[in-house]
S.K.: 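Structure in structure tokens, see below.
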Amino acid sequence: MKKTWWKILCVVILLYTIIQGLGGTVPRQFVLNETIRNVYFHVPLWFGMMILMTASMWFAIKYLRNGNIQDDEYSVEFANVAIFFGILGFLTGSLWGQYTWGDWLPKDPKIIAVEVGLLVYAAYFILRSSFEDEQRRARLSAIYNIFAFATFIPLVWILPRLTDSLHPGNGGNPAFGKYDMDNSMRMVFYPAIIGWTLLGVWITSLRIRLRAIERLGSN
């Protein structure tokens with residue numbers, strides 16, 4: 001990940017997303033109106049979060065297989081940035097909810113599931129801080145990381161679909177893009193997913209490099 005082309009691509013895509021997101025033409029749908037622009041930010045942040053969580057779990061599995069402490073560092077940093085993206089996604093979703101549903105945090109199954117899922121991942125970091133032995137901390141954290149991912153997926157993507165929900169694509173409510181997005185929006189939305197995900201990988205790589213510098217400085 002030391003090459004610069006993907007970082008340049010990330011900057012270009014995000015600039016394109018922000019410019020088009022704030023100034024591009026969007027369909028004026030009933031209730032949504034201008035708030036539909038949030039689809040370029042809220043939804044891609046959540047996609048990026050899930051990709052980063054998947055990477056974190058993958059490195060947790062790698063650590064359990066080979067015991068390489070570097071895999072544990074990759075795992076925890078991907079999880080750190082994933083939760084950061086999750087919080088940003090939650091805040092942008094809450095802002096969107098206020099303008100479309102009239103409530104910052106309605107008692108909606110999807111929102112409640114997200115809150116629980118983020119708390120499950122918060123416990124991951126509390127667990128890590130409970131052990132001083134490096135290998136023991138890494139081993140138990142890796143096991144919990146896999147558990148947290150396996151819990152988060154049904155909480156956020158499956159359970160809300162089994163009951164009534166305000167959130168698009170859940171509980172019989174049709175998926176957001178099916179009726180509200182047009183092709184011009186898709187030309188921004190799909191690159192936005194790539195751009196925000198690349199930003200998450202970029203931030204993770206910087207945090208991993210800082211860890212390596214701190215480790216060298218302590219030796």
Side-chain angles (χ1 to χ4, degrees), residues 1-26 35-63 68 70-96 114 117-118 121-122 124-125 142 145-146 148-149 152-153 156-157 168-169 175-177 180-215:
M1 302 300 287
K2 293 181 180 180
K3 295 182 179 180
T4 58
W5 67 265
W6 64 273
K7 298 174 184 177
I8 296 172
L9 179 64
C10 173
V11 172
V12 170
I13 291 176
L14 288 182
L15 282 175
Y16 168 70
T17 298
I18 293 169
I19 292 170
Q20 286 296 109
L22 298 180
T25 302
V26 295
T35 68
I36 199 172
R37 297 179 186 279
N38 202 9
V39 76
Y40 302 136
F41 305 95
H42 170 65
V43 182
L45 281 167
W46 277 93
F47 271 102
M49 176 196 69
M50 293 305 305
I51 293 170
L52 295 171
M53 283 181 174
T54 303
S56 176
M57 182 198 63
W58 168 250
F59 281 106
I61 293 172
K62 281 191 67 178
Y63 173 79
N68 186 346
Q70 189 176 50
D71 288 329
D72 173 65
E73 292 178 352
Y74 275 64
S75 180
V76 68
E77 293 306 343
F78 270 112
N80 268 316
V81 182
I83 295 304
F84 175 62
F85 270 36
I87 293 171
L88 290 179
F90 188 83
L91 292 176
T92 52
S94 179
L95 179 65
W96 203 354
V114 167
L118 291 176
Y121 265 92
Y124 165 76
F125 299 103
N145 192 327
I146 297 169
F149 185 84
F152 195 87
I153 296 299
V156 175
W157 297 107
F176 181 77
D180 303 305
M181 289 180 64
D182 57 20
N183 288 332
S184 64
M185 287 194 70
R186 291 186 180 91
M187 292 294 291
V188 183
F189 174 69
Y190 294 125
I193 295 174
I194 297 172
W196 289 112
T197 301
L198 286 176
L199 179 63
V201 174
W202 192 353
I203 296 172
T204 302
S205 68
L206 291 175
R207 290 183 61 88
I208 291 170
R209 288 177 64 185
L210 284 173
R211 273 182 172 268
I213 292 170
E214 290 173 357
R215 186 168 59 250

S.K.: Kindly indicate, with the supporting measurements, whether the criterion side-chain contact (heavy atoms from CB on, under 4.5 Å) is fulfilled by Tyr74 and Asn68.
M.R.: CA-CA 10 Å; Tyr74 275 64; Asn68 186 346; over 6 Å; no
S.K.: Would you say the side chain of Phe41 lies within less than 4.5 Å of the side chain of Trp96, judging by non-hydrogen atoms?
M.R.: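 Counting from C-beta outward, Trp96 and Phe41 never come under 4.5 Å.
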S.K.: Return the set of residues passing salt bridge (Lys or Arg N to Asp or Glu O under 4.0 Å) with Arg211 (not counting sequence neighbours), or none when no residue passes.
M.R.: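 Scan of Arg211 (salt bridge (Lys or Arg N to Asp or Glu O under 4.0 Å), adjacent residues dropped) gives Glu77.
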S.K.: Would one find more than 12 heavy atoms of other residues, nucleotides or ligands at under 6.0 Å from atom CZ of Phe84?
M.R.: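 At most 12 heavy atoms, drawn from other residues, nucleotides or ligands, come within 6.0 Å of this atom.
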S.K.: Indicate the atoms forming the closest heavy-atom contact of Gly86 with Trp46, along with that distance.
M.R.: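 Nearest heavy atoms, Gly86 then Trp46: O-CZ2, 3.9 Å.
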S.K.: Give the C-alpha distance, both sets of side-chain angles, the deciding distance and a yes or no for side-chain contact (heavy atoms from CB on, under 4.5 Å) between Phe149 and Tyr124.
M.R.: CA-CA 11 Å; Phe149 185 84; Tyr124 165 76; over 6 Å; no
S.K.: Which pairs, with at least one residue in residues 49-58 and sequence neighbours excluded, count as a side-chain hydrogen bond (donor to acceptor under 3.5 Å, both in side chains)?
M.R.: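 For residues 49-58, and leaving out neighbouring residues, the side-chain hydrogen bond (donor to acceptor under 3.5 Å, both in side chains) pairs sorted by first residue read Ser56-Ser75, Ser56-Asn145.
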S.K.: Ignoring hydrogens and angles, write down the donor-acceptor pairs under 3.5 Å from the side chains of residues 87-95, residues two or more places apart or on other chains.
M.R.:
unit_1, atom_1, unit_2, atom_2, d
Thr92, OG1, His42, ND1, 3.3
Thr92, OG1, Leu88, O, 3.0
Thr92, OG1, Gly89, O, 3.0
Ser94, OG, Trp104, O, 2.9

S.K.: Might you point out which heavy atoms bring Gly21 and Tyr40 nearest each other, and give the distance in Å?
M.R.: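 Reported closest heavy-atom pair: CA-CD1, 3.3 Å.
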S.K.: Going from CD1 on Ile194 to CD1 on Ile13, what distance comes out if it is rounded to the nearest 0.5 angstrom?
M.R.: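 Separation between the atoms: 5.5 Å.
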S.K.: ring-ring contact (aromatic ring centres under 6.0 Å, His included) with Phe152: which residues, sequence neighbours excluded?
M.R.: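 Phe152: ring-ring contact (aromatic ring centres under 6.0 Å, His included) contacts with Tyr121.
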S.K.: Drop me the distance from Leu9's CG to Leu14's CG, to the nearest 0.5 angstrom.
M.R.: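 Atom-to-atom, Leu9:CG and Leu14:CG are 9.0 Å apart.
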S.K.: Judged by atom type as modelled, is there a donor-acceptor pair below 3.5 Å linking the side chain of Trp196 to the main-chain atoms of Met49?
M.R.: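 Not confirmed, Trp196 side chain does not pair with Met49 backbone.
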S.K.: Kindly write out the residues that satisfy ring-ring contact (aromatic ring centres under 6.0 Å, His included) with Phe78, not counting sequence neighbours, or none if the list is empty.
M.R.: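 Partners of Phe78 under the ring-ring contact (aromatic ring centres under 6.0 Å, His included) test: Phe59.
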S.K.: Does any non-hydrogen side-chain atom of Asn38 lie less than 4.5 Å from one of Thr35?
M.R.: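 Sidechains of Asn38 and Thr35: no contact.
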S.K.: Quick check: closest heavy atoms across Tyr63 and Asp72, and the distance to 0.1 Å?
M.R.: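 That would be CD1-CB, 4.1 Å.
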S.K.: Restricting to non-hydrogen atoms, name the atom on Val188 and the atom on Thr17 that form the minimum distance, rounded to 0.1 Å.
M.R.: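 That closest heavy-atom pairing would be CG1-CA, 4.1 Å.
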S.K.: To the nearest 0.5 Å, what is the distance between CD1 (Ile208) and CD (Gln70)?
M.R.: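 One finds 8.0 Å between CD1 of Ile208 and CD of Gln70.
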S.K.: Which heavy atom in Trp6 sits nearest to a heavy atom in Leu198, and how many Å separate them?
M.R.: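 Closest approach of Trp6 to Leu198: CZ3-O, 3.6 Å.
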S.K.: Could you tell me which non-hydrogen atom of Leu52 sits nearest to which non-hydrogen atom of Phe85, and how far apart they are?
M.R.: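 In terms of heavy atoms, the two residues are closest at CD1-CD2, 4.2 Å.
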S.K.: Between atom CD1 of Ile83 and atom CG of Leu118, what is the distance when rounded to the nearest 0.5 Å?
M.R.: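 Atom-to-atom, Ile83:CD1 and Leu118:CG are 5.5 Å apart.
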S.K.: Checking Gln20 now: which residues fulfil side-chain hydrogen bond (donor to acceptor under 3.5 Å, both in side chains) with it, not counting sequence neighbours?
M.R.: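 So Gln20 forms no side-chain hydrogen bond (donor to acceptor under 3.5 Å, both in side chains) with any residue.
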S.K.: About how many Å separate CZ of Arg186 and OH of Tyr190, when rounded to the nearest 0.5 Å?
M.R.: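 It is 5.5 Å, given to the nearest 0.5 Å.
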S.K.: Can you tell me how far apart CG (Leu45) and CD1 (Ile193) are? Round to the nearest 0.5 Å.
M.R.: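 Interatomic distance, Leu45 CG to Ile193 CD1, rounded to 0.5 Å: 10.5 Å.
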